[in-house]
Amino acid sequence: MSFNQKPKVAHPSVTKNKEGLTRRDYEGALSTLCAGCGHDSVTAAIIHAIWELSLPPHRIAKLSGIGCSSKTPTYFASDAHGINSVHGRMAAVATGASAANRDLILIGISGDGDSLSIGLGQFAHTARRNVNMLYILENNGVYGLTKGQFSASADVGSQLKKGEKNPFGPIDPAQIAINMGASFVARSFSGDKAQLVPLIKAGLSHYGFAFIDVISPCVSFNDHESSTKSYMHTRENIHEAAHIDLIRDAQTITADYQEGTTKALTLHDGSRLILDKIDTDFDPTDSIRSLTYIRDCARKGQVATGLLYIDRDSIDMHDHGRICDTPLVELPMETLIPGNAALQKFQDILH
Amino acid sequence: MSFNQKPKVAHPSVTKNKEGLTRRDYEGALSTLCAGCGHDSVTAAIIHAIWELSLPPHRIAKLSGIGCSSKTPTYFASDAHGINSVHGRMAAVATGASAANRDLILIGISGDGDSLSIGLGQFAHTARRNVNMLYILENNGVYGLTKGQFSASADVGSQLKKGEKNPFGPIDPAQIAINMGASFVARSFSGDKAQLVPLIKAGLSHYGFAFIDVISPCVSFNDHESSTKSYMHTRENIHEAAHIDLIRDAQTITADYQEGTTKALTLHDGSRLILDKIDTDFDPTDSIRSLTYIRDCARKGQVATGLLYIDRDSIDMHDHGRICDTPLVELPMETLIPGNAALQKFQDILH
Amino acid sequence: MKTERINDFVLKIANVNGSGSASANSLLYKSIHHSGIPVSAKNIFPSNIQGLPTWYEIRASAEGHVSRSPRVDFFIAMNPRTIAEDIASVSPGGYFLYDSTRPLNKELMRNDVTFLPIPLAELSVEAFPDVKVRMLMKNITYVGAAAAFLNIELSILQTLLNETYARKPSLAEANMKAITMSHKYASENFTCPLPVRVERNETVSNSIIITGNGACALGCIYAGATVTGWYPITPATSIINVFGQLCQRFRRDADTGKLNAAIIQAEDELAAVGIGIGAGWCGARAFTPTSGPGLSLMNELIGFAYFTEIPVVIFDVQRVGPSTGMPTRTQQCDILPAAYASHGDTKHILLLPANPEECFYFTVQAFDMAEHFQTPVLVLTDLDIGMNEWITPRLSWDDNYKPDRGKVLSAEELEKIEKFYRYLDDDGDEIAARTLPGVHPKGSYFLRGSGHNKYGQYTEKSAEYIEVVDRLRRKVQSSAKTLPPPIIETAENKYGVITVGGCHLAVKEALAELAKDGIKLDYMRIRGFPFSPQAEEYIDAHERCFVIEQNRDAQLRSLLILETRAKKSQLVPILEYGGMPLDAQAVTAKLRGAIQKEISQ
Amino acid sequence: MKTERINDFVLKIANVNGSGSASANSLLYKSIHHSGIPVSAKNIFPSNIQGLPTWYEIRASAEGHVSRSPRVDFFIAMNPRTIAEDIASVSPGGYFLYDSTRPLNKELMRNDVTFLPIPLAELSVEAFPDVKVRMLMKNITYVGAAAAFLNIELSILQTLLNETYARKPSLAEANMKAITMSHKYASENFTCPLPVRVERNETVSNSIIITGNGACALGCIYAGATVTGWYPITPATSIINVFGQLCQRFRRDADTGKLNAAIIQAEDELAAVGIGIGAGWCGARAFTPTSGPGLSLMNELIGFAYFTEIPVVIFDVQRVGPSTGMPTRTQQCDILPAAYASHGDTKHILLLPANPEECFYFTVQAFDMAEHFQTPVLVLTDLDIGMNEWITPRLSWDDNYKPDRGKVLSAEELEKIEKFYRYLDDDGDEIAARTLPGVHPKGSYFLRGSGHNKYGQYTEKSAEYIEVVDRLRRKVQSSAKTLPPPIIETAENKYGVITVGGCHLAVKEALAELAKDGIKLDYMRIRGFPFSPQAEEYIDAHERCFVIEQNRDAQLRSLLILETRAKKSQLVPILEYGGMPLDAQAVTAKLRGAIQKEISQ
Ligand SMILES: Cc1ncc(C[n+]2csc(CCOP(=O)(O)OP(=O)(O)O)c2C)c(N)n1
Ligand SMILES: Cc1ncc(C[n+]2csc(CCOP(=O)(O)OP(=O)(O)O)c2C)c(N)n1
Ligand code: SF4
Ligand code: SF4
Ligand SMILES: [Mg+2]
Ligand SMILES: [Mg+2]
């Protein structure tokens with residue numbers, strides 16, 4: 001079903017998308033995060049992307065765990081359904097939601113604490129199952145909501161405000177996702193909307209588990225000089241593997257891309273993904289080269305961003321399980337319940 | 001403290017190690033696993049290795065979760081302490097044990113269900129903390145004890161006895177371990193004692209988290225033709241990256257190793273690790289090359305075995321946390337409890 | 001002369017785990033059933049795959065007393081490693097069939113037991129020269145001899161074999177050959193049948209044979225459940241095994257071959273219940289089967305579903321706790337942990353079936369109640385009910401049944417309303433309407449496990465929070481009326497018993513036993529929580545009730561004390577918790593003792 | 001003339017979260033304490049880092065009634081966004097200090113409240129031209145004006161600032177400048193002090209200021225705890241923050257700089273408690289701090305430690321449940337979930353401190369009991385006790401204290417014995433000796449969460465299993481004698497109250513209030529579970545006891561019903577569970593109502 005949403009603000013000058021909605025219509029509640037928190041920029045990018053994609057808000061289901069990052073779903077698409085589950089378990093809830101209604105547009109938002117510590121198992125296995133969803137990890141290297149402990153993505157040697165040094169190496173969620181068989185893996189930076197918006201759009205257009213690791217600085221606890229997840233450090237060390245654009249109508253490819261360093265991929269929903277300015281030793285369709293590339297960057301102290309890996313032949317959990325095309329919630333009970341005759345027949349063999 | 005254990009069998013012809021113990025002295029209870037189960041061969045290899053290393057049994061602490069594999073600790077070193085914890089939580093218990101008594105020799109045994117599904121988070125984080133222990137994963141691609149469901153290490157397309165096909169890609173614990181920063185990562189096969197015994201010895205000599213993924217076929221549920229974790233399939237597709245030998249006394253290096261393909265590494269405890277017949281494009285001291293190598297093998301349908309990665313500069317959880325050298329359990333309470341004078345002095349600032 | 005035990009005996013078989021004895025034992029079981037005699041079977045197996053001892057106990061009782069009995073009238077010894085304890089376990093006057101190919105240690109012999117040596121292995125070698133075939137037939141051979149001794153008709157065995165191997169007649173033939181062979185040997189060398197024997201009853205009841213887990217799985221199909229997140233654990237796993245098979249039969253699109261169900265093997269129980277909750281939130285009927293350790297792991301998310309009011313059905317097939325406990329033994333030890341699962345103030349609806357029949361119907365009801373009351377519903381069975389095969393009255397289905405989906409607003413209904421608020425109970429039944437994601441823009445809301453007010457908004461305000469949790473308390477309490485009422489059999493005596501779940505057969509047998517001595521007790525079996533008013537009335541009507549249950553800490557009694565107006569002194573605990581299915585003799589003895597104590601006081 | 005409220009008032013401050021108001025508020029709090037007046041402070045904060053409203057409540061009471069009171073005598077409004085509700089919250093006759101730099105909306109004004117406009121921002125601009133410094137001093141300014149109104153001596157503030165900024169005298173100076181500035185303004189423009197004020201008491205008590213969490217951490221140090229696995233969660237996290245600081249002070253080797261403790265931030269609560277259990281198994285004193293959701297996640301492993309008999313100490317700093325609930329609000333809602341944590345039959349020792357003093361001593365006792373009884377011990381505090389700063393009698397330490405390590409066999413003892421069996425209780429105290437890994441070959445054994453007999457061997461045998469779990473039941477029960485007995489104040493009246501933990505101040509105040517009307521009630525505060533025989537005797541001695549606790553479902557009452565011989569009718573629940581620290585007025589009113597009901601019956 002599709003409904004024409006009454007735009008909240010009837011201001012004529014505001015551009016409407018195909019659903020007849022303005023960007024304001026994709027906003028949510030007022031953020032209660034700290035002023036300057038990276039997560040709020042991610043929210044802005046999401047709003048921009050889903051508006052551009054003209055997604056009907058009520059078809060979206062927003063999911064999260066617990067943490068500052070996990071508050072994000074409240075701040076966009078207030079006309080979408082949302083679920084703020086418990087710490088580290090968003091992925092399983094999303095899996096169930098997808099199982100029940102494969103037509104929903106699932107947007108999961110998590111944090112590095114939520115996904116890489118308590119929720120590592122669920123994150124990994126949901127990637128492995130290739131649940132059809134967009135999974136954004138707002139990665140700030142700390143536990144924001146509990147006041148600034150190191151998270152598992154904190155770099156070795158990076159420091160907390162009070163000087164405490166992180167002794168352990170970081171878990172890189174992008175590498176984990178690729179290792180687990182996620183079919184779309186990207187990384188970006190909350191401060192780089194130009195890169196982030198197309199990635200979100202591409203992730204939403206991708207069929208299967210689309211993962212975006214977004215470095216999203218925590219101004220309250222991890223934006224100081226000795227942090228490697230600060231705005232400054234990230235800005236200085238970011239390394240874009242390839243810039244991407246998402247083009248929905250084939251005709252509109254007008255920008256002229258450089259030969260040799262440009263690659264176009266057609267996605268499941270027909271839109272085209274243009275990879276521009278690709279690093280020569282980088283190929284996002286080859287997991288081995290991609291992983292090597294990411295690790296090489298890391299060794300040099302760089303953060304590889306952009307689309308890092310994509311498997312266009314990706315099939316999702318439903319295909320894996322040979323589950324029917326109709327969303328299970330839409331199957332009428334009469335179809336599902338076999339009735340007495342069938343029950344009697346079945347029992348004939350039970351003796 | 002060191003005790004001279006009275007050998008159980010006084011048969012003079014049986015070779016004794018430096019502790020004055022025979023191999024029989026390192027045995028455990030009679031196995032109750034299925035006849036032919038790979039896990040029993042791993043047990044045999046462990047017995048051999050710890051006997052050769054002359055480990056004092058009572059300094060060993062054996063740990064496991066739940067599963068057929070997790071029963072293994074009962075079957076070796078009956079004079080060692082053992083703990084059979086709950087499903088998927090051995091790693092945390094081992095972490096606590098190491099924290100309490102860093103002088104214990106910790107041998108953890110787990111299964112692919114135990115470590116890669118329910119216990120993935122703990123496995124990963126224990127590797128990341130580089131807890132000083134030997135962690136053996138008896139990998140059979142199924143849940144043995146619960147009668148043969150696919151585990152997360154089952155290869156995509158591999159089949160259960162009744163024909164059910166695994167739709168998902170496998171989790172490779174060796175790659176995960178490297179990714180997490182484990183400092184010693186190896187793979188072997190329960191059917192290859194010549195390879196496995198030196199690896200176990202090396203793992204025990206390594207300082208930090210030593211992980212060995214052992215393909216260990218389940219004869220009851222996953223040893224048929226369409227299984228990729230069967231004896232036959234493993235034997236046929238095993239690819240040894242490098243053969244290793246562990247030499248405890250420097251003098252005894254007598255075997256002449258081929259030049260160019262041999263490499264010697266000195267371990268923390270002074271013993272020397274000889275890597276022989278190394279594949280030319282393989283370097284176990286470089287995580288990027290190692291991961292590429294493993295994935296390349298996998299792509300070719302091969303199982304990379306041998307020592308896959310080692311970081312000799314590895315420091316363990318205690319070093320990371322700057323925890324004292326004396327095992328914490330050995331600190332006398334008088335040292336730990338500051339006393340009343342200190343309490344009064346401390347309280348002077350609390351107002 | 002030996003006492004006759006016609007259609008009233010216990011047959012026990014000792015096997016080695018993983019040796020393929022299941023079909024032979026099951027054949028014996030079914031053949032007695034097909035002889036028209038009430039019968040039950042229990043598989044006593046270790047937590048192991050191959051090589052350790054297992055036992056199979058069959059109890060036939062013309063009177064219908066088929067709870068587990070510790071007596072043994074006829075023993076079939078197929079495990080040399082347990083032969084000493086096996087011989088010791090036979091009741092005086094009983095029979096002991098063993099494979100005499102290897103001689104029996106004379107010292108183990110007993111005078112009060114009749115030994116029946118049959119050279120089973122030897123006979124097999126003659127009959128099946130091919131080793132492979134012989135291995136396959138290894139167990140079936142004893143069926144023939146047993147049939148001869150126990151007077152089980154070969155024709156019944158033949159019929160059953162033909163059915164089992166309908167598609168492999170050669171196997172049916174080989175099996176029958178093995179059976180006939182030892183039947184012949186026994187008949188020729190011993191006086192058959194024995195005083196312990198079957199005498200065929202002409203009326204074979206219209207029953208089926210099914211496990212409790214199988215019945216739960218069937219219930220899930222008939223409830224229209226479509227999503228399950230699950231993680232293997234004994235003794236719950238077979239709910240999924242059967243559900244999977246049933247989906248192949250009932251839920252497969254003939255054209256596409258695709259399934260109308262999602263069966264997701266999760267990475268652990270936290271994920272399993274999380275999947276169920278996600279699906280429940282989106283409007284699917286979802287469930288997850290587990291046992292004790294899994295229940296513990298689900299605690300946090302159960303509280304989440306309770307507080308956010310998401311339906312999900314959880315099966316807890318109870319096994320012996322605490323911790324890993326004895327995974328292949330039975331107990332009723334999760335009653336309290338299930339009723340109050342999760343931190344904070346919570347309370348959950350429990351359904352407590354006693355047998356596969358109730359497993360089936362209660363499962364359907366569990367989904368109705370979960371959706372009606374928008375809350376997790378836990379179905380508590382146990383290993384004995386769940387994993388053993390039970391003779392069960394044929395199930396029937398009312399084709400007019402309409403699932404109770406609870407208050408779910410459709411797109412049309414939403415179109416009409418002004419504004420939707422998730423937790424607003426506007427008709428005073430303590431239940432607020434919900435909406436499903438994707439249905440209509442007006443239905444959207446934000447659901448959270450943190451403090452929320454009745455509009456669904458985040459709150460940290462005392463009054464708003466209290467308003468919501470008070471309604472939750474009343475809501476769950478109000479489900480008592482909808483739950484299956486207790487089974488009450490007479491409420492006229494001074495003393496009564498109260499029991500639950502799989503205890504029922506043993507308790508009833510014990511009551512019958514006591515009645516013979518003139519001790520009359522009333523009977524009530526609890527089938528749901530929160531407790532029905534009828535349960536309270538029953539307790540009111542008795543000076544003392546003996547609460548019989550299978551756990552150490554009297555968990556049902558505790559719950560009754562806390563959640564009914566009963567006085568503590570009215571409820572006297574009778575506890576059996578060794579892990580074996582409840583046995584009537586033990587119950588009788590304990591009841592007798594308890595009553596004596598009452599009288600002497 | 002206004003009624004005087006000398007040394008008996010509530011001061012409330014509205015701030016914005018994350019704006020750095022903590023030190024200013026704390027300074028006011030401490031200055032009243034240093035004036036020799038009993039005082040308490042509560043931080044009412046949101047689950048947020050920056051930007052949302054927070055309040056700080058200070059109650060001074062010469063009589064020592066310092067539980068939370070809903071009245072407000074003096075308000076300092078520093079959050080423009082809450083000003084309307086803040087004005088509404090002032091008690092009639094109260095005062096309202098606000099920053100008059102921006103004019104106040106006239107419509108919000110009340111006649112029964114005296115408004116005290118102080119142009120704080122304006123004054124700051126003059127005093128601190130440097131914006132950076134001004135930002136730092138933003139909050140401290142109101143302290144000066146408040147001091148003038150409330151008659152707090154500037155010399156006390158100066159002393160406190162000098163101490164706080166001992167190493168940064170320039171900061172002390174700047175702060176004092178800001179204080180003096182607004183103090184001057186208030187004194188010059190208003191009649192100071194107000195009828196609501198402090199009058200210095202010469203005897204300043206020998207107290208310290210400490211949070212409950214801080215006291216627990218200090219207790220861990222003094223118990224000799226060396227290992228903690230932990231995962232951040234409000235309101236428990238600061239136990240670790242303080243423990244870490246204390247380790248730097250008390251547990252650092254001067255030479256190597258290394259720590260005599262392992263503080264391991266785990267990946268979740270399952271790992272956190274697993275680490276504690278692993279360490280406890282190896283002989284370290286280990287603990288893990290958590291709150292509700294973490295407790296739920298620990299359920300499985302708590303049962304493991306119970307069944308295998310491994311000591312570990314768990315702190316549950318309770319917050320409002322269920323689910324995520326209200327993480328920054330207080331409740332006592334995990335009493336039942338903690339007492340029976342985990343599936344199967346379990347029961348755990350609980351310690352229930354009421355204040356930081358007990359937090360310290362009970363923590364030490366928790367480790368002794370965990371090791372003595374070889375079982376998990378849970379220390380249940382709450383957010384109010386744990387996170388607020390309390391004036392607490394100075395702690396003292398008996399240097400003769402010898403930790404009770406329980407029955408642990410040394411190498412020498414093992415050398416002497418024939419053979420060691422883990423679960424053999426040879427002296428009838430229900431406790432078996434244990435050994436530690438690595439100590440001696442003879443001490444080795446295999447520990448398992450699956451069924452085991454008293455020798456520690458794997459078993460699936462009923463009798464062997466029962467023998468072990470029965471001893472466990474008796475063992476935990478036997479701890480009642482060792483636990484801190486209830487605090488009982490008179491047991492002579494017909495009615496009594498029973499309460500627990502942080503309720504004590506409000507309950508005592510309520511009793512004092514009722515006593516003024518001639519209503520006399522006895523008082524008992526429970527401090528441990530299993531319950532002491534004295535608790536039972538107290539209940540026995542009363543027709544009715546009102547059980548006052550902070551949860552919806554009367555969890556303490558439930559536990560008393562199940563675990564003492566009390567009759568249900570003897571225990572009447574009085575429940576407050578809105579998440580705010582208990583307030584005496586509410587308790588008084590409810591008690592009054594309950595007693596009236598009793599009398600009229
Ligand atoms: C079971 C459980 N344990 C602990 C917590 C406390 N907690 C809330 S948020 C959080 C960490 C959040 O970190 P992250 O996911 O990185 O989010 P951020 O705040 O940094 O965006 C923790 C530990 C909880 N809510 N539940
Ligand atoms: C919490 C919990 N869930 C489920 C189980 C049931 N269980 C026992 S062993 C096992 C899987 C074992 O698989 P693996 O680790 O691969 O060991 P294997 O038997 O294959 O050697 C499971 C699911 C359990 N014991 N505890
Ligand atoms: S604490 Fe950090 S992560 Fe949380 S809202 Fe503030 S800046 Fe963002
Ligand atoms: S079931 Fe498989 S894993 Fe378990 S003991 Fe048998 S062969 Fe080994
Ligand atoms: Mg974070
Ligand atoms: Mg396995």
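Not measured: the values here are computed from a predicted model. Below, chain A is the first sequence line, B the second, and so on; all start at residue 1.
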Which portion of D/L395 sits near chain B, non-hydrogen atoms under 4.5 angstrom:
both

Region of B/I323 in contact with chain D, defined by heavy-atom distances below 4.5 Å
both

With chain B as the partner, which of D/G229, D/A261, D/C247 has the greatest number of non-hydrogen pairs under 4.5 Å?
D/A261

Are D/Y458 and D/F446 an aromatic pair, judged by ring center distance below 6.0 Å?
no

Please examine the side chains of D/T164 and D/L27, heavy atoms only from C-beta on, and report whether any two atoms are closer than 4.5 Å.
no

Partner chain D: residue of B/A99, B/G321, B/S85 with the largest heavy-atom pair count (under 4.5 Å)
B/S85

Counting only heavy atoms not in D/K258 (residues, nucleotides, ligands), do more than 12 fall under 6.0 Å from its NZ?
yes

Under a 4.5 Å cutoff for heavy-atom pairs, which residue among D/S450, D/S396, D/G283, D/A223 has the most contacts with chain B?
D/S396

Proximal component of B/K71, with respect to chain D [non-hydrogen, under 4.5 Å]
neither

Could you walk me through whether B/E27 and B/R24 pass the salt bridge (charged side-chain N to carboxylate O under 4.0 Å, His left out) test, one step at a time?
CA-CA 5 Å; B/E27 289 176 2; B/R24 293 279 293 272; 3.7 Å; yes

Heavy-atom pairs under 4.5 Å with chain B, option from D/A284, D/S26, D/G224, D/P403 with the top count
D/G224

Which bit of D/D253 comes within less than 4.5 Å of chain B, counting heavy atoms only: side chain, backbone, both or neither?
neither

Heavy-atom distance under 4.5 Å to chain D: side chain of B/M90, backbone, both or neither?
neither

Region of D/Q265 in contact with chain B, defined by heavy-atom distances below 4.5 Å
backbone

Can B/D25 and B/T22 be counted as having a side-chain donor-acceptor contact under 3.5 angstrom?
yes

Would you tell me whether D/D368 and D/Y401 have side-chain atoms, one donor and one acceptor, within less than 3.5 Å of each other?
yes

Determine, step by step, whether B/H206 and B/S183 satisfy the side chain to side chain donor-acceptor pair (under 3.5 Å) criterion, reporting the C-alpha distance in whole Å, the side-chain angles of both residues, the deciding distance to 0.1 Å, and the verdict.
CA-CA 9 Å; B/H206 173 77; B/S183 49; 2.7 Å; yes

Please rank B/S98, B/A77, B/C324 by heavy-atom pairs under 4.5 Å with chain D and give me the top one.
B/C324

Is it the case that the side chains of B/Q344 and B/D348 hold a donor-acceptor pair, with the cut-off being a distance below 3.5 Å and no angle test?
no

Counting only heavy atoms closer than 4.5 Å, note whether D/I391 contacts chain B via side chain, backbone, both or neither.
neither

Counting only non-hydrogen atoms closer than 4.5 Å, does D/E163 touch chain B with its backbone (N, CA, C, O), its side chain (CB onward), both, or neither?
side chain

For B/H81 and D/Y445, I'd like to know if the aromatic rings sit close, meaning centre-to-centre distance below 6.0 Å.
yes

With respect to chain B, which residue among D/G214, D/A271, D/G303 yields the maximal number of heavy-atom pairs within a distance under 4.5 Å?
D/A271

Name the region of D/R251, side chain, backbone, both or neither, that has any atom closer than 4.5 Å to a heavy atom of chain B.
side chain

Please determine, among B/L63, B/V329, B/L343, B/I66, the option with the most heavy-atom pairs under 4.5 Å with chain D.
B/L343

Highest number of heavy-atom pairs under 4.5 Å with chain B among D/I264, D/T256, D/I277 belongs to D/I264

Could you look at B/R129 and say if it's the side chain, the backbone, both or neither that has a heavy atom under 4.5 Å from chain D?
side chain

Let me know which of D/L301, D/I314, D/T290, D/N299 forms a side chain to side chain contact (heavy atoms under 4.5 Å, CB included) with D/E269.
D/T290

Greatest number of non-hydrogen atom pairs under 4.5 angstrom with chain D, of B/T95, B/I60, B/D103, B/T335, falls to B/T95

Contacting moiety of D/F360, where chain B heavy atoms sit under 4.5 Å:
side chain

Please state whether the side chain, the backbone, both or neither of D/R285 comes within less than 4.5 Å of a heavy atom of chain B.
side chain

Looking only at heavy atoms, the pair that brings B/L328 and D/V227 closest together is CD1-CG2, 3.9 Å

What pair of heavy atoms forms the shortest contact from B/L106 to B/A97, and how long is it?
CD2-CB, 4.2 Å

With a 6.0 Å cut-off on ring centres, are D/F243 and D/F287 close enough?
yes

Looking at B/T74, B/T326, B/N101, B/I349, which one has more heavy-atom pairs under 4.5 Å with chain D than the rest?
B/T74

For side chain to side chain donor-acceptor pair (under 3.5 Å), just list the numbers for B/D269 and B/Y207, CA-CA rounded to whole Å, side-chain angles, deciding distance to a tenth of an Å, and then say yes or no.
CA-CA 8 Å; B/D269 70 349; B/Y207 180 65; over 6 Å; no

Sort out for me which of D/A305, D/A286, D/G274 touches chain B most, counting heavy-atom pairs under 4.5 Å.
D/G274

Is it the side chain or the backbone of B/P327 that comes within 4.5 Å of chain D heavy atoms, both, or neither?
neither

Side chain, backbone, both or neither: which part of B/L104 has an atom under 4.5 Å from a heavy atom of chain D?
side chain

Non-hydrogen atoms of B/S151 and B/G113 that approach each other most closely
CB-N, 4.3 Å

